[in-house]
Amino acid sequence: MRAVLTAVSDRYEAGLVTALERSRELAVARRCADLADLLAAASAGLARVALVSGELRELDRSALDHLARAGVAVVGVHGPADEVSETRLRQLGLDVVVAADADTQALEEACVAVLQTAPADTPVADADWVPGPAETEPDGVGRAEGSVVAVWGPTGAPGRTTVAVTVAAELAASGTPTLLVDADTYGGCVAQTLSLLDEAPGLAAAARAAEHGTLDVAALARLAPEVTPGLRVLTGLPTAERWPEIGAASLERVLTLARQVAAVTVVDCGFSLEDDEELSYDTLAPRRNATTLTALSLADTVLAVGAGEPIGLQRLVRGLRDLGALPCPDPVVVVNRVRAEAVGWHPERRIRDALQRFAGVRSPHLVQDDRSALDAALLSGRTLTEEAPGSPARLALAELARSLAPAGEPASRRERRARRRWVAGPV
């Protein structure tokens with residue numbers, strides 16, 4: 001017999017439990033009165049499967065994430081012919097959903113199916129439970145389509161936001177639908193950079209909707225308005241103390257849906273790579289760095305941005321070592337604000353030599369410092385692409401953006417000439 005937890009509406013709890021009692025494979029271990037009771041029973045290891053209804057108060061993605069980490073697979077239960085409840089359960093991320101009036105066989109099949117679709121590293125199956133052949137991939141609204149580019153850099157303001165905004169603008173200008181997400185929980189400034197209202201609903205609203213299972217592609221598109229043709233922006237937190245509003249599970253849902261909103265999603269991440277759980281005994285407490293760690297783990301490409309100066313390069317080398325310990329793609333290194341005044345004559349060669357010697361980086365992308373163009377763009381609230389198309393900094397980032405585009409356009413003759421002059425000539 002397999003132990004099952006139930007946390008369903010009292011309107012149909014009796015009928016559901018009766019159907020479970022007829023099963024030779026399933027047995028009700030506990031009938032939970034509320035979400036707190038369910039989480040406590042799951043943490044105690046009383047069962048490996050839970051039947052949960054969409055009417056359960058405070059049921060959200062964080063609660064489902066808690067159940068998953070406790071090793072409990074979840075089957076959603078909705079009222080008979082209740083399409084609204086069924087849709088909400090699926091938007092919360094539940095792939096296996098049954099009607100409350102399902103018979104015993106349907107409930108058994110649902111429990112088998114949810115164990116089959118659980119992650120391989122989650123200990124949800126008993127040793128003697130051998131599921132049948134895996135079913136085909138369930139149809140879901142979050143199936144990956146576009147790519148995610150995470151822009152990260154160490155502490156010290158190396159220019160993460162400048163790189164993220166310009167790369168996103170260049171992708172959009174080349175005809176690639178792009179979504180720019182400000183996920184910096186320490187000091188996000190994408191809204192200010194583009195002269196957008198920082199109090200407008202953005203990532204916090206999207207995360208809140210994802211938490212409660214009401215976020216879909218259309219809702220995400222509404223929260224991320226188009227600021228230039230082809231470029232949507234999901235603004236960040238207006239104040240840093242609101243970081244608990246962005247949970248790992250909700251951000252994962254946002255980025256999953258973002259793949260359908262845009263061909264490329266560019267995420268401006270925070271600097272810290274520390275795992276907050278190592279700093280606290282409460283492993284279920286909100287984690288401030290979870291947004292950065294989640295974005296890096298879900299990214300298809302990671303851009304590691306460092307400043308082209310002695311301290312910035314030292315921080316970048318150390319940060320690359322920390323980044324290498326995380327489950328994310330090998331980073332593409334971008335050195336920003338390259339100038340002779342900071343590192344000496346022929347700064348490009350010096351920086352390449354230093355990164356190859358101390359970090360094993362062979363082909364970093366170098367972005368020449370162009371303070372006047374960047375200041376003008378920030379003052380006008382426009383992207384560098386709009387404000388100074390001939391800027392060497394913009395040309396370098398445009399080349400980087402082309403390497404990230406699904407189908408890049410060849411560089412114009414003027415851009416190629418300008419790029420060759422900067423790389424070959426002294427600064």
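The shown structure was predicted, so the numbers you read here are calculated from the model rather than taken from an experiment.
Remark: the Asp370 side chain and the Ser372 side chain contain an N/O donor-acceptor pair separated by less than 3.5 Å.
Distance alone, capped at 3.5 Å, places no donor-acceptor pair between the Thr292 side chain and the Asn289 backbone. At least one donor-acceptor pair under 3.5 Å links the side chain of Arg88 to the backbone N or O of Gly54. Glu211 places a side-chain N or O within 3.5 Å of a backbone atom of Ser62 that can act as its donor or acceptor partner.
For Asp330, the CG atom counts as loosely surrounded, since its 6.0 Å shell holds 12 or fewer non-hydrogen atoms of other residues, nucleotides or ligands. Under a cut-off of 6.0 angstrom, the local environment of CZ in Arg362 is sparse, with at most 12 non-hydrogen atoms contributed by other residues, nucleotides or ligands.
The two residues Cys269 and Ala150 come nearest to each other via the heavy atoms SG-CB, 4.0 Å. Counting all heavy atoms, side chain and backbone alike, Pro158 lies closest to Val305 at CG-O, 3.6 Å. Considering every non-hydrogen atom in both Leu215 and Arg253, the closest pair reads O-NH2, 3.4 Å. Closest approach of Val8 and Ser53 over heavy atoms only: CA-OG, 3.3 Å. Of all the heavy atoms in Val334 and Val163, the pair that sits closest is CG1-CG2, 4.4 Å. In terms of heavy-atom proximity, Leu397 sits nearest to Thr162 at CD1-O, 4.4 Å.
A salt bridge is absent between Asp82 and Arg11: the closest approach of a Lys/Arg side-chain nitrogen to an acidic carboxylate oxygen does not fall below 4.0 angstrom. Ionic pairing of Arg339 and Glu309 is present here: one or more N-O contacts between side-chain nitrogen and carboxylate oxygen are shorter than 4.0 angstrom. Ion pairing between a basic and an acidic side chain is recognised when a charged N comes within 4.0 Å of a carboxylate O; Arg352 and Glu348 show no such pairing.
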